[in-house]
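Remarks on the structure that follows.
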Protein chains: 2
Amino acid sequence: MERSSATSGGSTRREATRQKLYEAAVTLIAEQGFSATTVDEIAERAGVAKGTVYYNFASKSVLFEELLRHGVGLLTASLREAAERTAAEGGSRVDALDAMVRAGLVFIDRYPAFTQLYVAELWRTNRAWQSTLMVVRQEAVAVVEGVLREGVAAGEFSDEIDVQLTAAALVGMVLVAALDWKSFQPERSLDDVHAALSRLLQGRVSGKG
Amino acid sequence: MERSSATSGGSTRREATRQKLYEAAVTLIAEQGFSATTVDEIAERAGVAKGTVYYNFASKSVLFEELLRHGVGLLTASLREAAERTAAEGGSRVDALDAMVRAGLVFIDRYPAFTQLYVAELWRTNRAWQSTLMVVRQEAVAVVEGVLREGVAAGEFSDEIDVQLTAAALVGMVLVAALDWKSFQPERSLDDVHAALSRLLQGRVSGKG
DNA sequence: ATTTTTGCACTGACCAGTCAGTTTAAAAAT
DNA sequence: ATTTTTAAACTGACTGGTCAGTGCAAAAAT
């Protein structure tokens, strides 16, 4: 298991330990919440000594904050990639929105525990990691807002839409539908769920279809 | 003795105390989460001794469960009323959906803390009140599903829509948009937010408008 | 040789739940 | 009317347990 360090000083062993801790923490916190999850549990599930947690992270809160940043970083990158790919392929803004819906679903499909945890913490106030959460939320929502704004500028969307609120509503639509999917109809395919949301997104609900 | 408890107003001493405890608990738990909120805090904010909490509720969890039931009961009643009123006035199913969106917004406007708390707990697993939450969620979503199903039967909605998933998506849309409203643009009026969501609901996003 | 991990004992703060005793107010007795 | 009785409602100090974080010497990995 030798992994030569192409990058500077950063040790690979340490990184692997941190990754194990992220994975252990994310599922436990998703299930139980931050306060109800103990550091001993996290260490045990990660197969690591408690001292190692504190060797790698300053505190339980810091571990959680870095976990949040890590996870949302993945989501944001994925959304951005979807929007850019669509644009490069000459798709419309609606196509871009649709591609982002799918990217969101793929993310939630792959990291359901992280999504649960994120939703559970997002609207809390008076918490230590409040500011981290705000920053990280804004990065993700901003990608959606960007596409909406471009669409309005290009005359593709009505200039009467409320960009900020509409972005929030779209994110909510995907988030809640996907969590419902995972919780109550896990046997359904991603394509299936995507198709249902596309229909809603494009207003193809009314009418006999 | 004979506490004349049947006075329909429900204004026995005990009932008043329980109400105070609900109000104290809902804001604290919304801010901090269940585990991070102590019974001492709840008692203090309610202006009551800790023992009183345990005189009125079997445990901290039971207090929370009854709080959940209480709150979702209000929401469900409100959604149902909105749907029925619209039908009685001869409105279409889209009108009913729209009225329910507004009822949801009104509820969140009035009980923002409850909404926060509800969303934060809804998708958690392995929690004591899991089953309570499921039941209570289903009651609320079922109202939306009912309207969608009627609409499909009446040919008002496409028979290709996925009722369950669409209902979840609609609930999510309103929930997330409203929490965003309260968190980041609290100065906006309810009508304003409602208008933005109506537009999205009716697919009036694409096009120059 | 240095970084990282382990194992484990320890501390001090914190907290859910208990319980013996006190207050409240309505009913019964005088 | 006034006093006495009763049961429900409430109080708050106390207990037993839990948990984040520490300290450190030895071991393992690089």
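A note on names: the letters A, B, ... follow the listed sequences, proteins ahead of strands, and every chain is numbered from 1. This one's a predicted model, so the numbers in the text were calculated from it and none came from an experiment. The figures here come from the full heavy-atom set of this structure, side chains too, leaving out hydrogens, waters and symmetry mates.
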Whole angstrom is fine here: how far is it from [atom1] in [X] over to [atom2] in [N]?
| X | N | atom1 | atom2 | result |
| --- | --- | --- | --- | --- |
| B:K20 | D:dC10 | NZ | C1' | 11 Å |
| B:E15 | D:dC10 | CD | C1' | 16 Å |
| A:R13 | D:dA27 | CZ | P | 16 Å |
| B:R18 | D:dA9 | CZ | C1' | 13 Å |

Query raised in the report: Under 30°, 30 to 60°, or over 60°: which ring-plane class applies to A:F114 and A:F107, parallel, tilted or perpendicular?
Result: perpendicular
**Report entry** Protein-to-nucleotide contact annotation, 5' to 3' order, nucleotides 7-17 of chain C [B base; S sugar-phosphate only; - none; under 4.0 Å, heavy atom]
**Finding:** --------SBB
Query raised in the report: Judged by atom type as modelled, is there a donor-acceptor pair below 3.5 Å linking the side chain of B:T76 to the main-chain atoms of B:V72?
Result: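 Side chain of B:T76 to backbone of B:V72, a donor-acceptor pair under 3.5 Å: yes, one is there.
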Requested in this report: Indicate yes or no for a side-chain donor-acceptor contact from A:W123 to the backbone of B:S183 under 3.5 Å, with no hydrogens or angles considered.
Outcome: no
Requested in this report: For A:R14, answer base if it contacts any base atom (sugar-phosphate contacts may also be present), sugar-phosphate if it contacts only those atoms, and nothing otherwise; contact means non-hydrogen atoms under 4.0 Å.
Outcome: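 Since only primed, P, OP1 and OP2 atoms lie under 4.0 Å of A:R14, the category is sugar-phosphate.
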Report task. May I have the step-by-step check of side chain to side chain donor-acceptor pair (under 3.5 Å) for B:E23 and B:Q19, ending in yes or no? Result -> CA-CA 6 Å; B:E23 280 162 21; B:Q19 189 62 38; 3.2 Å; yes
Query - side-chain contact (heavy atoms from CB on, under 4.5 Å) between A:L63 and A:I42, worked out - result: CA-CA 11 Å; A:L63 162 56; A:I42 296 173; 4.3 Å; yes
**Report entry** Identified ring-ring contact (aromatic ring centres under 6.0 Å, His included) counterpart of B:H70 within the set B:Y111, B:F64, B:Y118, B:Y22
**Finding:**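 Result for ring-ring contact (aromatic ring centres under 6.0 Å, His included) with B:H70: B:Y22.
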Query raised in the report: Phosphate oxygens OP1/OP2 of D:dC10: is one of them under 4.0 Å from a side-chain N or O of B:Y55?
Result: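 For D:dC10, OP1/OP2 do not have a side-chain N/O of B:Y55 under 4.0 Å.
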Query raised in the report: Below 4.0 angstrom from OP1 or OP2 of D:dA9, is there any side-chain N or O of B:T52?
Result: no
